[in-house]
There are 2 protein chains.
Amino acid sequence: MANFEALFNYIQEISGKQLSDDDKHLLTVHFKPKKLRKRQYFLQEGDVCKYIGFIVKGSARTFTVDEKGHEHILKLSLENWWLADFESFYLLTPSRFNIEALEDLEVLQSTNAQIEEFLKQIPAFSAMANVISQNYTIANQNRMQAAMSFTAEERYEDLISNYPHFLQRFPQNMLASYLGLSPETLSRIRKNSFK
Amino acid sequence: MANFEALFNYIQEISGKQLSDDDKHLLTVHFKPKKLRKRQYFLQEGDVCKYIGFIVKGSARTFTVDEKGHEHILKLSLENWWLADFESFYLLTPSRFNIEALEDLEVLQSTNAQIEEFLKQIPAFSAMANVISQNYTIANQNRMQAAMSFTAEERYEDLISNYPHFLQRFPQNMLASYLGLSPETLSRIRKNSFK
DNA sequence: AAATACGCTTGATATAGGTCAACTCAAGGT
DNA sequence: ACCTTGAGTTGACCTATATCAAGCGTATTT
């Protein structure tokens, strides 16, 4: 039995609206539980991101691999976040990204077509989508600004203050890549700021 | 008489839906034309971004000023784009950004409360908002990835292929700042790629 | 028309952060 | 228990890009 309560609570909390029993039934039928073990891929480069996942448990990273074989983490995701390459998911084009479980991962997943149905049929779901869209826009704006005008050290401090729990959940080399730094540089930054 | 046709066409095109005469009337009443001369500010740091503007004519830049007094352009905007610091606009918090007209600017502007009304009352408007939200999410994802994993030269080429008209409309030092580069570096990149 | 400011270029130099390599330590696999 | 693998650290060196400075040409102001 999968844990749908996490999803229900999330929708209700974000949207500020209640889900009816019918709503819950609809969600239960069309969100499919999926488990991935650490290191398994939710999405591989070149594939279409057919599913969006709601993370019930675990963590994941979204990353690209450049021509030199270097990985760049674009996103780190935890419980109660949505997991997808949105470009591929919305447009059904092949993805340039990989999404990999960093810990054993439990998601509830569904397709774009099905999400469209939820948006039409479940008011709380559609209200949630609007709030998320706002939050994403704000978060993106801030992250972009940090990436453009902050030094490595400032970006690290920004991360600490915005997502302190990331330090507990993700290994340092993953945080470095997320911040656009080499692991060595992050190690040195931490050394200096500890003094 | 302000040019509302640009706004109507935009909404209908993006949403794929028609606006009724009533819809148009409502928009006409609650979007206020505003003209700014080159160098005037649409928003100043510290102020709340009370209005969102639809650009009918002209261009603008959204930028921050860091402690060293250096400006960083986060966004360049042209006709048929929306102009706002979304964080400040949605949350009504003081903005960290400045928005300045780079050319004489004509916008149609409205408040957040009024936009909420449009979303409820005008189906084409709300459909448009959903499409824009998708487009923004995709564009942000791509821009973030470019910022994190591309070299200066790659970012410039990325800009050329995604927004070729920017080269005509914006001076080179603005493009440099938008790309997170010094004007000197962009100048040298162009010199090298021309040969 | 003169004066001024500004955008762009070019050269010389500085620096933040990357790369490479070696070492340590902890964790997982057999 | 042993071996291997991978994360983290540290040092030496390197490179992409920033900074500073000067000069040129073209708008803009007066």
*asked:* Could you tell me how far apart A/F150 (CZ) and C/dG17 (P) are, to the nearest whole angstrom?
replied: 13 Å
*Over 12 foreign heavy atoms within 6.0 Å of OH, A/Y51*: no
_First and last nucleotide of DNA chain D, 5' to 3', lying under 4.0 Å from heavy atoms of chain A_ = D/dA7 to D/dA12
*Using whole Å, report how far OH of A/Y156 lies from C1' of C/dA16.*
18 Å
_Between C1' on C/dG17 and NE2 on A/H70, what's the gap in Å once rounded to a whole number?_
14 Å
*What is the distance from atom CD of B/Q141 to atom CG of A/L74, rounded to the nearest 0.5 Å?*
6.0 Å
_Between B/F166 and B/I160, is there a side-chain heavy-atom distance shorter than 4.5 Å?_
no
*Would you indicate which nucleotide in C/dG7, C/dT10, C/dG17 comes nearest to any side-chain atom of B/N173?*
C/dG7
*Parallel, tilted or perpendicular for A/Y10 and A/W82, by the 30°/60° rule?*
perpendicular
*Do B/S133 and A/S133 have side-chain N/O donor and acceptor atoms under 3.5 Å apart?*
yes
*B/Q168 side, atom CD; B/L78 side, atom CG - distance, nearest 0.5 Å*: 11.0 Å
*Specify the separation, in whole Å, of atom CD of B/E71 and atom C1' of C/dC6.*
14 Å
*Do you see a donor-acceptor pair shorter than 3.5 Å between the side chains of B/N142 and A/E87?*
yes
*Between atom CD in A/E184 and atom P in C/dC23, what is the gap in whole Å?*
16 Å
*Assign each of B/R39 and B/R188 to its nearest nucleotide of DNA chain C by heavy atoms, then name whichever residue's nucleotide is nearer the 5' end.*
B/R39
Taking only N/O atoms, report every protein-nucleotides 25-30 of chain C pair under 3.5 Å with atom names and distance.
none

*Using whole Å, report how far CG of A/L179 lies from C1' of C/dG17.*
13 Å
*According to a strict under-4.0 Å criterion, is A/T185 in side-chain N/O contact with OP1 or OP2 of C/dG17?*
no
*Just wondering, do B/T62 and B/N98 contact through their side chains at under 4.5 Å, heavy atoms?*
no
Let me have the donor-acceptor pairs involving side chains of residues 29-39 of chain B, under 3.5 Å, with sequence neighbours excluded, atom names and distances please.
| unit_1 | atom_1 | unit_2 | atom_2 | d |
| --- | --- | --- | --- | --- |
| B/H30 | ND1 | B/Q114 | NE2 | 3.3 |
| B/K32 | NZ | B/V29 | O | 3.1 |

*Taking NZ from B/K191 and C1' from C/dT10, how many angstroms apart are they, rounded to a whole number?*
6 Å
